[in-house]
A.B. asks: 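Let me begin by handing over the structure; questions about it come next.
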Number of protein chains: 2
Amino acid sequence: MQYLKIKDAIVEQIEDGMLTARQKLPAERKLAEAFDTTRVTLREALSMLEAEGRVYREDRRGWFVSPEPMSYDPTQTLNFTNMALAQQRQPRTELLAAKQVLASKHAAKKLELPPFSDIYRVDRVRYLEERPVLYVTNFIRAELFPDLLKRDCSRNSLTDIYREHYGVEYQRIRYRITTSSLQGEIAQALRATAGTPAMVVERINYSQTGELIDCDIEYWRHDAITIDSIAELSA
Amino acid sequence: MQYLKIKDAIVEQIEDGMLTARQKLPAERKLAEAFDTTRVTLREALSMLEAEGRVYREDRRGWFVSPEPMSYDPTQTLNFTNMALAQQRQPRTELLAAKQVLASKHAAKKLELPPFSDIYRVDRVRYLEERPVLYVTNFIRAELFPDLLKRDCSRNSLTDIYREHYGVEYQRIRYRITTSSLQGEIAQALRATAGTPAMVVERINYSQTGELIDCDIEYWRHDAITIDSIAELSA
DNA sequence: GAGTGGTCTAGACCACTGC
DNA sequence: CAGTGGTCTAGACCACTCG
């Protein structure tokens, strides 16, 4: 069980501060040689560290040391940017697309609409310290927000636009958290290799009048996030 | 990218019902031959399916098709058994140990106690349809529950004992969800290979008087669970 | 005791990154 | 253009499971 020793050695280097957050590890061939083994075994060890959230990969770029995860409370409306700033992180958001589309079967179901209804779809990638950690897709009931896309979605948070221009606020959030893996364009947008472990957060949001507003599907690099929340139970 | 085709082929067999939940896949060597490839590449495909939660491994026993995950709401006190029954699942719990111990540094911190305080520690493995899916450790403030261990912990749920014998109920739950991987004895207890992806749920529970009661650390096989909850926002 | 999964070796080619 | 990571081959040995 050679790969356990390799793992421990790398963990030790991280904990001793020889390797610090976001730093690139040496090339696989060099590491393999250093541990006197083959690339296959070395990669076994690295994949295990990846599963534990200690290192991450950028596709074809190499292996890096994972920084501290950001703490995320899905029951707060606090948007990504403010959440990050509150934790002394450096957020950035990239708007990939914002358009009006016909609801796919999947999206229609989430939004409780008939298929082919008009909806907005907004795709964004979010960064922490210039590392892409989150791919979000929003599906929004178009009827509730006429001309939403004329607002500047790349500059303002959706929740701010809802509140300021339409008087709509989140009141109830239904969320679902699963683990999966990144594939295809989502993986690409996060500079991840296909198969990278992911945390998927799906939220369906309701307004103060109980109306379904929108739904967001979030793909997080799993080492970048820890869900952290409090529930008060009614007697 | 051969492993993608292998993945798709296996997914198709699952979705067509040729392979059904909990069924064992053919031996790796047979699958490798069937797909005209080597075990290394085949295992690459299987690992990816494992990350997606479509198949799971039992250590040295082989690969199996994942059943539907159980839906879990950490903000409900509903215990594992009742939660499972409500979803037409077949739960079983195995008590590994229930004893009074001196708090480790880690446990003491969670329970906000000085190190080496007296606490109870209860370890259990929980099954669904005879598949071990969850390893839980409870750390309990001993002062609140004199003679707790004389009650029959293997037969009754802890929350029932708290309520019936001590008049204590959960009122507030602080929870944290992360992804990691199974290692050592926890992996063994779940019949998992070291490195299997896991969902870790850590809960700290407070009573109706606001007092910290206990803390539980749950290691789930990640394909066995989806977190599902609702949050009401205060205005 | 046969067969299986877990682990490991020693290579190879290719497309891409980054200089 | 050199070097890297992604992918793949064709084996091997061992400890374990299961019949």
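Order of the sequence lines fixes the chain letters, A, B, ..., with proteins taken first and strands second; residue numbering starts at 1 for each chain.
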A.B. asks: Would you indicate, yes or no, if D:dC8 has its OP1 or OP2 atom less than 4.0 angstrom from a side-chain nitrogen or oxygen of B:Y3?
C.D. replies: no
A.B. asks: Expressed as a whole number of angstroms, how long is the span from A:L42:CG to C:dT9:P?
C.D. replies: 11 Å
A.B. asks: Check whether NZ of the Lys or CZ of the Arg B:R92 lies under 6.0 Å from the centre of the six-membered ring of B:Y127 and within 45 degrees of that ring's axis.
C.D. replies: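 Yes; both conditions hold, so B:R92 lies above the ring face of B:Y127.
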A.B. asks: When you match A:R39 and A:M48 each to their closest nucleotide on DNA chain C, which lands nearer the 5' end?
C.D. replies: A:M48
A.B. asks: Is there a donor-acceptor contact under 3.5 Å linking the side chains of B:S66 and B:R54?
C.D. replies: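 Side chains of B:S66 and B:R54: no pair found under 3.5 Å.
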A.B. asks: What nucleotide, of D:dT9, D:dG6, C:dC8, holds the atom closest to the side chain of B:T38?
C.D. replies: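 Of the options given, the side chain of B:T38 lies nearest D:dT9.
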A.B. asks: CD of B:Q188 versus P of C:dG6: gap in Å, rounded?
C.D. replies: 14 Å
A.B. asks: Could you work out which one of C:dT17, D:dT17, D:dG6 sits closest to the side chain of A:R61?
C.D. replies: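 Comparing C:dT17, D:dT17, D:dG6 against the side chain of A:R61, the answer is C:dT17.
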A.B. asks: Answer yes when B:R191 and B:D59 have at least one side-chain N-carboxylate O distance shorter than 4.0 Å, and no when they do not.
C.D. replies: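 Here B:R191 does not pair with B:D59 in a salt bridge, since their nearest N and O are not under 4.0 Å apart.
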A.B. asks: Check the pair B:E68, B:Q87 against side chain to side chain donor-acceptor pair (under 3.5 Å), reporting the backbone distance first and the verdict last.
C.D. replies: CA-CA 11 Å; B:E68 281 297 295; B:Q87 294 175 54; over 6 Å; no
A.B. asks: Starting at atom CD of A:E28, determine the distance to atom P of D:dT7, rounded to an integer number of angstrom.
C.D. replies: 11 Å
A.B. asks: Check whether the side chain of B:R29 and the base of C:dG3 form a donor-acceptor pair under 3.5 Å.
C.D. replies: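 Answer no: no donor N or O sits under 3.5 Å from an acceptor.
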A.B. asks: Centre of A:Y56's six-membered ring, under 6.0 Å away, within 45 degrees of the axis: is that where NZ or CZ of A:R131 sits?
C.D. replies: yes
A.B. asks: Can you check the B:E58 CD to C:dT4 C1' distance for me, whole Å?
C.D. replies: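 That distance rounds to 14 Å.
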A.B. asks: Quick one: is C:dT9 close enough that its OP1 or OP2 comes under 4.0 Å of any side-chain N or O from A:Q2?
C.D. replies: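 Affirmative; the distance criterion is met.
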A.B. asks: When you measure from the side-chain N and O atoms of B:T37 to the phosphate of D:dT9, is any distance below 4.0 Å, counting only OP1 and OP2?
C.D. replies: yes
A.B. asks: With a 4.0 Å cut-off on N to O distance, would you call A:R124 and A:E94 a salt bridge?
C.D. replies: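 Here A:R124 does not pair with A:E94 in a salt bridge, since their nearest N and O are not under 4.0 Å apart.
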A.B. asks: What nucleotide among D:dC13, D:dT17, D:dG6 has an atom nearest to a side-chain atom of B:R60?
C.D. replies: D:dT17
A.B. asks: Taking CZ from A:R191 and P from C:dC16, how many angstroms apart are they, rounded to a whole number?
C.D. replies: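 So the CZ-P distance, A:R191 to C:dC16, works out to 17 Å.
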A.B. asks: Just compare C:dT4, D:dG6, C:dG6 and give me whichever is closest to any side-chain atom of B:A27.
C.D. replies: C:dT4
A.B. asks: What integer distance in Å separates A:E33:CD from D:dG3:C1'?
C.D. replies: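 Whole-Å distance recorded here is 14 Å.
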A.B. asks: From the options D:dT9, C:dT7, D:dT7, select the nucleotide whose nearest atom is closest to the side chain of B:M1.
C.D. replies: D:dT7
A.B. asks: Within this structure, what is the CZ-to-C1' distance between A:R57 and C:dC16, rounded to whole angstrom?
C.D. replies: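 The distance from CZ of A:R57 to C1' of C:dC16 comes to 15 Å, rounded to the nearest Å.
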A.B. asks: Could you tell me how far apart B:E44 (CD) and C:dT7 (P) are, to the nearest whole angstrom?
C.D. replies: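 Result: 16 Å.
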A.B. asks: Of all the nucleotides listed (C:dT9, C:dT7, D:dC8), which has the minimum atom distance to the side chain of A:T41?
C.D. replies: C:dT9
A.B. asks: I want to verify a distance call: between D:dA10, C:dG6, C:dA10, whose nearest atom is closest to the B:V40 side chain?
C.D. replies: D:dA10
A.B. asks: Let's see if you can work this out: which of C:dG6, D:dT9, D:dG6 has an atom nearest to the side-chain heavy atoms of B:D59?
C.D. replies: C:dG6
A.B. asks: If the cut-off is 4.0 Å, is B:K24 near the phosphate of C:dT4, judged by side-chain N/O to OP1 or OP2?
C.D. replies: no
A.B. asks: Look at A:T193 and D:dG6 and indicate whether a side-chain polar atom (N or O) is within less than 4.0 Å of OP1 or OP2.
C.D. replies: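 Affirmative; the distance criterion is met.
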